[in-house]
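Everything quoted here is computed from the prediction, not taken from an experiment.
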Amino acid sequence: MKIAIGLSGGVDSSVAAALLLEAGHEVTGVTMKIWRDGLYRGGDRDGCFGPGETDDIRRAEALCRQLGIAYRVFDCADPYESVVLDYFRREYLAGRTPNPCIRCNAFMKFGVLTELARQSGLEFDRLATGHYARIRPAADGPALYAGSDPVRDQSYFLHRLPRARLAHLLFPLGEYAKPEVRRLAARFGLAVKDQPDSQDFYSGDYTELLHAADRPGDIVDAAGRVLGRHNGFWHYTVGQRKGLGIASPQPLYVIELNSCRNEVVVGAASDTLRRYLRAGDPNWLAPLPVAGTMVSAKVRSAGKPLPARVLEASEAGFRLEFPDGVNAPARGQSAVLYDGGRVLGGGVIEEAWLNG
RNA sequence: AACCCCAUGGUGUAAUGGUAGCACAAAUGAUUUUGGUUCAUUUAGUCGAGGUUCGAAUCCUUGUGGGGUUG
């Protein structure tokens with residue numbers, strides 16, 4: 001089979017490419033170029049969006065040379081600016097917390113990149129990536145499943161892919177655990193076998209991307225008492241503990257961003273607890289769950305899925321009840337629903353509250 | 001003006017003559033393909049000056065800075 005594999009220059013996508021080749025496929029490496037020098041400062045860390053991209057591409061190129069496969073780089077900087085960065089700015093400045101990776105996966109890696117590759121004349125039957133997730137057949141068609149290693153599972157980031165795309169994807173690492181992938185990298189003799197794991201969204205301070213002048217305001221408690229000052233609510237996110245600079249008997253957490261009043265509202269850890277949430281702009285990868293169904297839900301990529309009851313689900317959104325509660329769901333983040341290991345779909349959190 | 005109370009890391013507090021401890025904050029690291037969370041480590045203090053004592057955050061004198069009562 002002809003396969004295009006998205007390469008990041010990291011261990012995971014490299015091993016995925018080697019596995020596909022070993023399985024006898026005809027493989028071509030592809031990479032999105034999204035960084036533009038001069039427009040942003042970047043930083044020292046490793047990140048998807050940052051000046052380190054040049055090195056990432058060099059490593060991916062070297063990998064393809066070693067494997068003896070073709071390699072293509074596609075300039076996606078313009079669409080990335082409008083699809084990811086504009087969204088990122090808009091959300092933060094509206095007092096919400098965006099998830100750029102979800103957006104990037106849905107519209108860039110599995111959207112723009114695929115189209116540009118096809119337009120360039122590259123022929124392939126499947127697009128593959130090094131994500132820890134699985135595509136498996138279900139009664140209603142191909143379905144997205146969590147990776148078999150619950151620690152590394154990345155299905156949360158993939159829930160927004162168009163359902164029709166699932167049939168054309170491959171995730172070669174879906175059955176592996178990270179240590180196994182590292183061993184495979186060594187076995188394949190890949191130069192990237194000792195590359196560090198983590199890869200942030202942005203290599204610098206994310207607030208640099210917002211182009212927002214500081215706007216000082218109050219940090220208040222639920223009763224409205226002023227406890228401290230901030231330089232712009234977009235420097236914070238619901239559930240955040242560090243960086244408030246306020247000494248108190250108990251650690252304080254952000255419980256709300258009030259963009260209208262330019263206030264950051266803080267409280268005790270217990271004040272972040274919510275029992276209900278409403279999500280909009282859903283993407284469904286399975287038949288709509290029936291009201292009353294118990295599912296597992298994740299409101300952030302890390303952390304275990306929580307039991308949740310679907311109160312209502314439609315093409316417009318859904319509402320959930322968490323019998324055991326959920327800590328600090330943030331507006332703008334995604335709630336993703338699972339039935340066992342299967343991703344049913346997800347949506348963007350609009351609102352969360354404690355008492356029905 | 002007189003009298004009383006108080007003064008301990010950046011903040012809030014323990015330690016009634018015997019190793020200055022805790023919480024929060026901050027910094028660093030680990031974890032993590034968002035933001036965050038969590039975990040570990042570190043930084044940092046007895047208001048100044050004298051005195052008593054083997055030994056003072058603690059007792060005495062005084063200065064300084066807060067708070068209160070009286071007129």
Side-chain angles (χ1 to χ4, degrees), chain A residues 6-13 16 32 34 45-50 52-53 56 84-85 87-89 91-106 108-109 129-133 147 149-160 171 173 178 181 195-210 219 227-229 232-257 264 266-269 272-273 298-304 306 326-336 346 348-349:
Chain A
L7 296 176
S8 68
V11 182
D12 294 337
S13 57
M32 296 190 299
I34 54 179
R45 290 179 308 170
D46 186 30
C48 286
F49 185 64
E53 181 182 71
D56 295 336
V84 178
L85 298 179
Y87 148 83
F88 190 75
R89 274 189 277 277
E91 289 287 283
Y92 262 118
L93 296 180
R96 298 154 64 97
T97 306
N99 189 319
C101 295
I102 288 173
R103 188 97 173 169
C104 177
N105 282 329
M108 298 299 302
K109 288 179 190 164
T129 67
H131 284 105
Y132 289 83
D149 177 359
V151 179
R152 301 300 301 202
D153 169 44
Q154 291 173 317
S155 58
Y156 178 85
F157 293 104
L158 298 171
H159 79 276
R160 194 154 276 277
F171 299 124
L173 302 187
K178 186 71 183 194
V181 171
Q195 274 294 116
D197 266 352
S198 78
Q199 196 178 25
D200 295 330
F201 155 58
Y202 180 50
S203 57
D205 177 344
Y206 76 84
T207 56
E208 287 169 6
L209 299 178
L210 304 182
I219 299 177
L227 302 182
R229 299 282 291 168
F233 56 81
W234 53 86
H235 292 279
Y236 304 87
T237 189
V238 169
Q240 176 172 341
R241 170 180 177 177
K242 304 298 282 184
L244 297 173
I246 302 169
S248 87
Q250 297 296 318
L252 295 174
Y253 294 79
V254 174
I255 58 179
E256 188 192 338
L257 300 180
V264 173
V266 299
T272 66
L273 187 74
K298 287 172 78 165
V299 297
R300 52 177 58 84
S301 60
K304 47 256 159 272
L306 300 170
V326 55
N327 279 318
R331 291 167 62 233
Q333 293 280 288
S334 289
V336 178
V348 180
I349 298 169

How far apart are the closest heavy atoms of [X] and [Y], and which atoms are they?
X	Y	answer
A/Ala16	A/Gly130	CB-CA, 4.1 Å
A/Gln333	A/Tyr156	OE1-OH, 4.4 Å
A/Arg160	A/Ala106	O-CB, 3.7 Å

Separation of A/His159 NE2 from A/Lys298 NZ (nearest 0.5 Å):
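A/Lys298 atom NZ to A/His159 atom NE2 measures 11.5 Å (nearest 0.5 Å).
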
Round to the nearest Å and state the distance from A/Lys304 atom NZ to B/U32 atom P.
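From A/Lys304 NZ to B/U32 P: 15 Å.
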
Rounded distance (Å) that lies between atom P of B/U32 and atom CG of A/Asp149:
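These atoms are roughly 10 Å apart.
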
B/S/- along nucleotides 34-39 of chain B (protein heavy atoms under 4.0 Å) is BBBSS-

Please give the distance between the [atom1] atoms of [N] and [M] as a whole number of Å.
N	M	atom1	answer
B/A15	B/U58	C1'	9 Å
B/G50	B/G45	C1'	22 Å
B/G67	B/G29	C1'	44 Å
B/A57	B/U19	C1'	14 Å
B/G9	B/C5	C1'	24 Å
B/G51	B/G18	P	22 Å
B/G21	B/G63	C1'	30 Å
B/A49	B/A56	P	15 Å

Are A/Tyr202 and A/Phe88 an aromatic pair, judged by ring center distance below 6.0 Å?
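Ring centres of A/Tyr202 and A/Phe88 not closer than 6.0 Å.
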
Considering every strand shown, what is the Watson-Crick or G-U wobble mate of [N] when both distances are under 3.5 Å?
N	value
B/A27	B/U41
B/G71	none
B/G17	none
B/G48	B/U62
B/U34	none

Would you say that more than 12 heavy atoms from the other residues, nucleotides or ligands in this model lie under 6.0 Å from the CD of A/Gln250, or not?
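Count not over threshold, so no.
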
For residues A/Asp12 and A/Tyr132, is any side-chain donor paired with an opposing acceptor at under 3.5 Å?
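A donor-acceptor contact under 3.5 Å links the two side chains.
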
Using a cut-off of 4.0 Å on non-hydrogen atoms, how would the nucleic acid contact of A/Arg152 be classed: base, sugar-phosphate, or nothing?
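The answer is sugar-phosphate, as A/Arg152 gets under 4.0 Å only of primed atoms, P, OP1 or OP2.
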
In terms of the nearest nucleotide of RNA chain B, which residue is placed more toward the 5' end: A/Lys109 or A/Leu244?
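That would be A/Leu244.
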
